[in-house]
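First comes the structure, then the notes that go with it.
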Number of protein chains: 2
Amino acid sequence: MPEKLDDVARLAGVSAATVSRALRGVPGVADRTRSRVLAAAAELGYAISPAASSLATGRTGTVGVIVPYVDRWYFSRIISGVERVLRDAGISLLLYNLGDNPGRARFFAGLPLRRRVDAVLVLSLPLTEVERELLLGLDAPLVTIGTEELGADSVGIDDHGAAATAMRHLVQLGHREIAFIGERDPIPLGFTTPLRRLAAYREVYHQVCREDGREPEAAFETAGGFTVAGGERAMSGLLGLPRRPTAVFAASDEMAFGALRTLRRAGLRVPEDVSVLGFDNHDLADLLELSTVAQPVAELGERAGRLLLARLSGGKIATSPAILGTRLVLRGSTAPRSPR
Amino acid sequence: MPEKLDDVARLAGVSAATVSRALRGVPGVADRTRSRVLAAAAELGYAISPAASSLATGRTGTVGVIVPYVDRWYFSRIISGVERVLRDAGISLLLYNLGDNPGRARFFAGLPLRRRVDAVLVLSLPLTEVERELLLGLDAPLVTIGTEELGADSVGIDDHGAAATAMRHLVQLGHREIAFIGERDPIPLGFTTPLRRLAAYREVYHQVCREDGREPEAAFETAGGFTVAGGERAMSGLLGLPRRPTAVFAASDEMAFGALRTLRRAGLRVPEDVSVLGFDNHDLADLLELSTVAQPVAELGERAGRLLLARLSGGKIATSPAILGTRLVLRGSTAPRSPR
DNA sequence: CTGAAAGCGCTAACAA
DNA sequence: TTGTTAGCGCTTTCAG
């Protein structure tokens, strides 16, 4: 394993420089020489030292991926997607999980990926101005998923539009009292996705209220922390309200799952008593008969991966955000509002 | 950003060697000197070049994690666990997803982590002898989760014991016709975990059959591919059998979820008509009222992470596998066998 | 098309 | 305690 370039050079009867050129496939090496070198390298089981190469070239063959969570469905799917395309291109993936706010602060203070990566991908994490500058200061291409940042390519979905479509579906079913389970300020890691979905909820719900000539119920906007447990709690709160919603729109399937559970425990039927609509099309949404907004999660990752590769090879690419499509998936958890 | 050690040295009025020592916190630097260096480094926003450092020391500050999947609950949880402890120790995590068998072959052929990592963690992936030698040839400490390999530290659970306990629970409930949903040869990526659970199933089930003086039903051993869809299919097959099981033990919760779904669609009640028992204690098992065997997934990852750190700092540690505890979690999907 | 030589930025002896 | 001097293994001019 401690083979070096010179060993290969000696065996092939050429200079180290030629071996380097041959191994990297750069033009300007005679075919015969190249194959001789390749044979020698294979014979020795030679593999290049990334550190030395990186020191000499400044490139690392590695991309840094910054995530707020790795063990949530949405994030693990995306990571899987980018990993696949990077791997196919021979790029390694360095994973950085922020963890929590102190962890995030530590990350940006230490910036452990500095000089370790050729490009950076940030998942669903709106950056502060300082953070963005720090990342751009790495002078490596920056790509984001789910957010848009100055100086970065981005891929995402139309959160607002998708959420509005979902809400309109509920309205068409006759629902007027619609609650929202999502997230409000202060937002854990600064996510804006929930806010965009909340905004769409509000627009549609408030419009309905205007039509009905009544005040929107502020307590219908609840926080579920994007977890099953949070969704459960939020739904419990809603059930305690004097005026109960007949439909609930959750900003993630996990929270919708929690809502389903609370409803079942409370002896309420879905969708007869309450309609529930989620967001994501989680693997288990189908199993739980949850109507939801499907977003192409793995594809977001792949798309971002390809963007990274394009930037790495210096490709001049469209800088406008790539917006992937979503679609409403109707299952058994939504139905026309039943007369009270 | 293009600061180098010498810049710091100049500013602090010392030599590069001293800066190097001070920055790494090695002993043998006067306190005053050290703080002067630190101040200079901070002023310049200096950060070490990992490539250069790595070239000089042979260490990379990075651990490679090899996984068969990243977007499955079990794996993403484990990754999250190791990542947390490595991060706290300032170690970066290079993620390698094998993908499929060709991907696996490519990985071991190219061995992209060669010279990129100081240690390697392998998740639930029994290695061929060749693969093991390749990995050990990296001469970096090797740790595995869920398998045991010569020359590697390992952490895992007692699959066989846990599965046997689960099976005995079903027997105690009066079940005699118990089916298994898991995996049989040929195994996708060579997993042995399913086999250990299968073996436990067989022991208990065959014992029951002996007691009853009848032949075990071979068709009760089904393959579910560790996915929800696979579990659904397996359960469908079981329902088509002339002699139907009254209880089903699935080697993973995901497969159990699929089984639940098939049963519900077939109009059968759980647990009245069929008991279902899973394995993992997936986040959603609670929601679906699934009885299951809980294993400390995140802790497996953390434990492995700590093992890696210990090996990296040259600690001589117990080489025997660390076995973490499991426990049966009884929910609503298992009940005494009802008279037919 | 190929080789020689000079780094890339840091660390590790060895001296002082 | 600090500085000097060689590398670590590869890439990249620049000659040839």
Side-chain angles (χ1 to χ4, degrees), chain A residues 1-38 40-41 44-62 90 111-118 138-140, chain B residues 1-38 40-41 44-62 90 112 114-118 138-140:
Chain A
M1 192 103 326
E3 316 292 0
K4 23 198 313 190
L5 207 44
D6 305 276
D7 300 328
V8 181
R10 207 170 310 120
L11 183 61
V14 296
S15 74
T18 299
V19 174
S20 174
R21 290 191 270 252
L23 254 30
R24 281 175 302 148
V26 303
V29 179
D31 285 351
R32 290 194 48 241
T33 314
R34 183 184 308 279
S35 41
R36 201 138 37 85
V37 170
L38 260 32
L44 293 178
Y46 171 79
I48 213 169
S49 155
S53 174
S54 164
L55 182 55
T57 62
R59 260 166 292 101
T60 62
T62 301
L111 225 50
L113 44 48
R114 182 172 354 190
R115 308 206 197 192
R116 271 182 201 280
V117 302
D118 295 338
L138 262 27
D139 78 353
Chain B
M1 192 100 325
E3 317 291 359
K4 23 197 317 191
L5 208 43
D6 304 277
D7 300 329
V8 181
R10 208 169 310 121
L11 182 62
V14 296
S15 75
T18 299
V19 174
S20 175
R21 290 190 271 251
L23 255 29
R24 281 176 301 148
V26 302
V29 180
D31 285 350
R32 292 194 47 242
T33 314
R34 185 185 306 280
S35 42
R36 201 141 35 86
V37 169
L38 260 31
L44 294 177
Y46 171 79
I48 213 171
S49 155
S53 174
S54 162
L55 182 56
T57 63
R59 261 166 294 101
T60 62
T62 301
R114 178 167 4 184
R115 309 211 199 188
R116 270 182 201 281
V117 301
D118 295 337
L138 262 26
D139 78 352

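Below, read A as the first sequence line, B as the second, and so on, with proteins coming before strands; counting in each chain starts at 1.
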(message) By nearest atom, which of the nucleotides D:dG9, D:dT4, D:dG7 is closest to the B:A17 side chain?
(response) D:dT4
(message) From CG of B:L55 over to C1' of D:dG9, roughly how many Å is that when rounded to an integer?
(response) 5 Å
(message) I need the residues from residues 18-35 of chain B with at least one non-hydrogen atom less than 4.0 Å from DNA chain C; give them sorted by number, or say none.
(response) B:S20, B:R21, B:R24
(request) Kindly compute the distance separating CG (B:L11) from CZ (B:R36), expressed to the nearest 0.5 Å. (result) 10.0 Å
(request) Select from A:A51 and B:A16 the residue whose nearest nucleotide in DNA chain D is closer to the 5' end of that strand. (result) B:A16
(request) Using modelled atom types only, decide if a donor and an acceptor are shared between the side chain of B:R21 and the backbone of B:V26 within a distance under 3.5 Å. (result) no
(message) So if I take every side-chain heavy atom of A:T57 and compare against D:dT12, C:dT11, C:dC10, which nucleotide ends up nearest?
(response) D:dT12
(message) Rounded to whole Å, how long is the line connecting atom CZ of B:R116 with atom P of D:dC10?
(response) 13 Å
(request) Can you tell me the distance, in whole Å, between the CG atom of B:L44 and the P atom of C:dG9? (result) 15 Å
(request) Determine whether B:D7 and B:L5 make a side-chain contact, defined as any pair of heavy atoms from C-beta on separated by less than 4.5 Å. (result) no
(request) Give a yes/no answer on whether the side chain of A:S49 brings an N or O atom under 4.0 Å of OP1 or OP2 in D:dC10. (result) no
(request) Find out whether A:L38 and A:L23 are in side-chain contact, i.e. whether some heavy atom of one side chain is under 4.5 Å from a heavy atom of the other. (result) yes
(request) Specify the separation, in whole Å, of atom CD1 of A:I48 and atom P of D:dC10. (result) 6 Å
(message) Listing request: all side-chain hydrogen bond (donor to acceptor under 3.5 Å, both in side chains) pairs with a residue in residues 22-33 of chain B, at least two apart in sequence or in separate chains.
(response) B:S20-B:R24
Side-chain donor-acceptor contacts of residues 45-54 of chain A below 3.5 Å, not counting sequence neighbours, with atom names and distances?
| unit_1 | atom_1 | unit_2 | atom_2 | d |
| --- | --- | --- | --- | --- |
| A:S49 | OG | A:A52 | N | 3.2 |
| A:S54 | OG | A:R59 | O | 3.3 |

(request) Report yes if at least one side-chain N or O of B:S15 is closer than 4.0 Å to OP1 or OP2 of D:dG3; otherwise report no. (result) yes
